[in-house]
Undergrad: 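Have a look at the structure that comes next, please.
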Amino acid sequence: MFPCISRPLARLPAKTILRILKASSFRAIPTCKLHTHHSFDEIPHRDLRSVNSLLASRVRCGDAAGAWDLFLCLHRSRTDLDAYTFTPALSACSALPHPQRGRLVHGLMIKMGVDSGTISRTALMDVYSKYGRLNESVKVFGEMEFKDVVSWNALLSSFLRHGLANCALDVFEDMRKENVEISEFTLCSMLKACALLEACSQGKQVHGMVVVIGRDLVVLSTALIDFYSSMGHIEEALKVYNCVDRSENVMRNAMISGCVRNLKYKEAFSIMSSMKPNVIALTSALAACSENSDLWIGKQIHCVAIRFGFTSDTQLCNVLLDTYAKCGKVGHAKTLFDSILGKDVVSWTTMIDAHGINGNGLEAFMLFNKMGELRSEVTPNHVTLLAVLSACGHSGLVDQGRASINLARDKYGLNAGPEHYACFMDSLGRAGRIEDAWCVFHEMVEGKCRPNTAVWAALLNACSLNRDFSRGERAAKQLLELEPDKAGNYVLVSNFYAAFGMWDSLVAVRNEMKKKGLVKESGSSWVTANPP
DNA sequence: GTAGGGTTAG
């Protein structure tokens with residue numbers, strides 16, 4: 001049990017509770033077609049089983065807001081709510097913003113004494129986990145009196161949702177020790193864990209278990225396709241795909257995505273052309289166009305998206321925007337960006353980057369600032385900051401780069417990491433401001449930010465450009481110590497010696513590289529020589 | 001009450 005029974009509710013300030021309760025009012029127009037004949041006034045006073053069923057069906061219909069409104073209405077009008085009321089209410093919480101909503105329901109459950117059942121607690125675990133409260137999710141599991149396979153699976157999902165694949169493997173081991181009979185849900189999670197850990201042989205063992213269990217083949221095959229694709233074993237993924245009924249869109253989509261990730265573009269387009277377009281397949285296919293700067297196919301997919309009414313989908317628009325940007329069509333990208341109604345952080349980041357890669361650092365910087373002025377709920381993340389720094393750097397806007405780091409820190413509490421500092425130091429080096437680059441390095445170290453290879457590489461390059469030999473040699477040593485098996489690092493170090501005319505040292509570095517059998521990947525261009 | 005497919009950086 002919780003150490004303090006009313007803690008989740010007590011943690012919420014009274015004003016917050018009131019705001020959540022008042023924020024939603026019961027809507028007279030039910031959004032689920034199944035219930036259009038119910039009158040608004042009648043619903044809360046029907047027998048509990050009936051209203052619980054209505055609540056659950058609203059959640060199943062995907063009408064989380066409607067379910068939440070109904071739950072509030074029930075909570076206000078009656079005192080006999082049970083676990084079957086709270087479980088769908090928790091599901092609705094998972095799909096709605098405002099993490100305190102779930103905590104509020106938890107508090108009410110404790111107050112009404114319906115928080116101890118396995119099903120209620122599993123739903124609670126899921127809510128906390130989806131709101132990023134991993135510790136609380138694990139705590140609810142730990143305090144669960146009777147754990148069944150669903151609650152164990154929910155624990156696996158909680159860890160995986162937070163990227164903790166090793167913890168998920170430990171949970172799986174515990175399940176075996178406790179003799180929990182695993183389900184297809186467990187196997188799906190294990191495949192995800194293996195993919196995250198790049199544990200190919202363990203993933204293959206899970207594949208063996210899938211064959212033995214043989215249930216829900218569509219979902220498990222989709223998970224296997226995703227696993228093999230993310231491991232780079234596209235042939236294995238195709239084998240799985242070819243062995244099962246492919247009528248399911250989800251499986252085809254997984255295969256398209258796998259092909260794109262493994263650079264099998266023709267195969268991806270071939271699968272796509274054999275099915276009715278869906279928004280996810282088109283998004284994956286567009287990612288291939290973005291990678292290849294293939295404006296011709298990108299435009300065709302844009303047309304299909306318009307024809308099928310998918311242009312309200314933010315993720316699709318984001319990758320389309322990226323395709324236009326990478327093809328140099330920054331005007332098209334801007335028009336598209338302006339048309340996206342539900343712009344998310346990826347939309348903003350992609351547009352900032354679009355300006356950056358098309359040489360307009362000032363536009364990128366202005367857009368980054370505008371993001372803060374709009375008081376929108378979208379806040380920049382570490383990719384956004386990197387995009388604006390890169391944009392400023394490539395346009396020689398060093399001061400704007402510094403201003404971006406400060407803005408991110410002061411306005412969003414987003415502290416620059418080593419990658420950001422590396423990008424900024426690189427721009428300082430290219431602007432001839434080597435002393436400033438070293439000042440930033442010291443600022444970074446004093447801020448307890450540990451330099452990584454990107455930092456040493458940026459400093460080494462800055463030293464080559466600015467003829468700073470002694471500190472450059474230090475950077476070279478650190479770089480090769482931290483990452484001794486990357487060919488690109490040896491090239492950077494040999495370029496450094498070349499900048500000082502130290503040919504013997506250059507030859508020694510190149511020989512060391514050869515001795516290790518390292519080969520620098522050749523550069524390539526995606527420019528289409530003869531576009532249609 | 002728990003699983004499967006899509007987007008952004010260097």
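Just so it is clear: chains get the letters A, B, ... in the order the sequence lines come, proteins before strands, and each one is counted from 1.
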Undergrad: Distance check needed: B:dG6 P versus A:I225 CD1, whole Å only.
TA: 11 Å
Undergrad: Using OP1 and OP2 only, check whether a side-chain N or O of A:R161 sits under 4.0 Å from B:dT2.
TA: no
Undergrad: With respect to the phosphate group of B:dG6, does any side-chain polar atom (N or O) of A:S257 fall under 4.0 Å of OP1 or OP2?
TA: yes
Undergrad: Identify whether any heavy atom of A:T118 sits under 4.0 Å from a base atom; if not, whether one sits that close to sugar-phosphate; answer base, sugar-phosphate or nothing.
TA: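 If one applies the 4.0 Å heavy-atom cut-off, A:T118 turns out to touch a base.
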Undergrad: In whole Å, what is the span from the CD1 atom of A:I213 to the C1' atom of B:dA3?
TA: 12 Å
Undergrad: Do A:N153 side-chain and B:dG1 base share a donor-acceptor contact under 3.5 Å?
TA: no
Undergrad: Do A:W152 and A:E178 have side chains that get closer than 4.5 Å, going by heavy atoms?
TA: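 Yes, their side chains come closer than 4.5 Å.
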Undergrad: Under 30°, 30 to 60°, or over 60°: which ring-plane class applies to A:Y228 and A:H233, parallel, tilted or perpendicular?
TA: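 Correct class here is parallel.
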Undergrad: Give the rounded distance in Å between these two atoms: CG of A:N278 and P of B:dT7.
TA: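 So the two atoms are 13 Å apart, to the nearest Å.
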Undergrad: Separation of A:M255 atom CE from B:dG4 atom P, in whole Å?
TA: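 For the pair A:M255 CE and B:dG4 P, the rounded distance is 18 Å.
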Undergrad: Between B:dG10 and A:D426, counting only base atoms on the nucleotide and side-chain atoms on the residue, is there a donor-acceptor pair under 3.5 Å?
TA: no
Undergrad: Name every residue in residues 187-197 of chain A that has at least one heavy atom under 4.0 Å from any atom of DNA chain B, in order of residue number, or write none if there are no such residues.
TA: A:C188, A:K192
Undergrad: Side chain of A:V279 only, please: which of B:dG4, B:dG10, B:dG6 is the nearest?
TA: B:dG6
Undergrad: Considering only side-chain heavy atoms of A:I119, which listed nucleotide, B:dG1, B:dG6, B:dG4, is closest?
TA: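 For A:I119, the side-chain atoms sit closest to B:dG1.
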Undergrad: Hey, can you pull the donor-acceptor pairs under 3.5 Å for the side chains in residues 83-92 of chain A, sequence neighbours left out?
TA:
from: A:T85; atom 1: OG1; to: A:N52; atom 2: OD1; distance (Å): 2.8
from: A:T85; atom 1: OG1; to: A:D82; atom 2: N; distance (Å): 3.1
from: A:T85; atom 1: OG1; to: A:D82; atom 2: O; distance (Å): 3.2
from: A:T85; atom 1: OG1; to: A:D82; atom 2: OD1; distance (Å): 3.2
from: A:T87; atom 1: OG1; to: A:A83; atom 2: O; distance (Å): 2.7
from: A:S91; atom 1: OG; to: A:T87; atom 2: O; distance (Å): 3.4

Undergrad: Among B:dG4, B:dG1, B:dG6, which nucleotide sits nearest the side chain of A:T122?
TA: B:dG1
Undergrad: Just the rounded figure in Å: distance from P of B:dA9 to CD1 of A:I405.
TA: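 Those two atoms, CD1 and P, are 19 Å apart.
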Undergrad: Look at the side chain of A:E248 and decide which nucleotide, out of B:dT8, B:dG4, B:dG6, has an atom nearest to it.
TA: B:dG4
Undergrad: So which heavy atom on A:L386 is nearest to which on A:C423, and how close?
TA: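 Nearest pair, atom of A:L386 first, then A:C423: CD1-CB, 4.1 Å.
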Undergrad: Which nucleotide sits closest to the side chain of A:V346: B:dT8, B:dA3, B:dG6?
TA: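 The listed nucleotide nearest to A:V346's side chain is B:dT8.
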Undergrad: Mind calculating the distance between CE (A:M144) and P (B:dT2) to the nearest angstrom?
TA: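 Nearest whole value for this atom pair: 12 Å.
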Undergrad: Taking CD1 from A:I256 and P from B:dT7, how many angstroms apart are they, rounded to a whole number?
TA: 12 Å
Undergrad: Measure from the side chain of A:V250, starting at C-beta and using heavy atoms only, and say which of B:dT2, B:dT8, B:dG4 lies closest.
TA: B:dG4
Undergrad: Where do A:M109 and A:S120 come nearest, in terms of heavy atoms and distance?
TA: CE-CB, 3.5 Å
Undergrad: From the list B:dG1, B:dT7, B:dG6, which nucleotide is the closest neighbour of the side chain of A:D148?
TA: B:dG1
Undergrad: Among the nucleotides B:dA9, B:dT2, B:dG6, which one has an atom lying closest to any side-chain atom of A:K130?
TA: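 Among the listed nucleotides, the one closest to the side chain of A:K130 is B:dT2.
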Undergrad: Quick one: does A:K130's side chain have a donor or acceptor within less than 3.5 Å of a partner on A:V127's backbone?
TA: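 Such a contact is absent between A:K130 side chain and A:V127 backbone.
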Undergrad: Quick check against the 3.5 Å criterion: does A:N292 have a side-chain atom that pairs as donor or acceptor with the backbone of A:D294?
TA: no
Undergrad: B:dT2 C1' sits how many Å from A:L155 CG, rounded?
TA: 11 Å
Undergrad: Given B:dG6, B:dA3, B:dT8, identify the nucleotide with an atom nearest to the side chain of A:R261.
TA: B:dG6
Undergrad: Using a 4.0 Å cut-off on heavy atoms, which residues in residues 349-356 of chain A reach DNA chain B? List them by number, or say none.
TA: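 The answer is A:T349, A:T350, A:D353.
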Undergrad: What's the closest nucleotide to the side chain of A:L316 if the choices are B:dG4, B:dG10, B:dG6?
TA: B:dG6
Undergrad: So for A:S284 and B:dG6, does any side-chain atom that can act as donor or acceptor lie under 3.5 Å from a complementary atom in the base?
TA: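 Checked by distance alone, the answer is no.
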Undergrad: Between A:E136 and A:R103, is there a side-chain N and carboxylate O pair less than 4.0 Å apart?
TA: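 Yes, this pair counts.
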Undergrad: Quick one: does any side-chain atom of A:N369 pair with a main-chain N or O of A:F365 as donor and acceptor, under 3.5 Å?
TA: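 It does hold such a pair.
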Undergrad: Determine the contact category for A:S151: base if any of its heavy atoms lies under 4.0 Å from a base atom, sugar-phosphate if only primed atoms, P, OP1 or OP2 are that close, otherwise nothing.
TA: base
Undergrad: Among A:R161, A:R121, A:R133, whose salt bridge (charged side-chain N to carboxylate O under 4.0 Å, His left out) with A:D126 holds?
TA: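 One option only clears the test, and that one is A:R161.
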Undergrad: Could you check whether A:K239 pairs with A:E236 (Lys NZ or Arg NE/NH1/NH2 to Asp/Glu carboxylate O, under 4.0 Å)?
TA: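 Yes, A:K239 and A:E236 are salt-bridged.
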Undergrad: With sugar-phosphate meaning primed atoms plus P, OP1 and OP2, does A:K326 contact a base, only sugar-phosphate, or nothing at under 4.0 Å between heavy atoms?
TA: sugar-phosphate
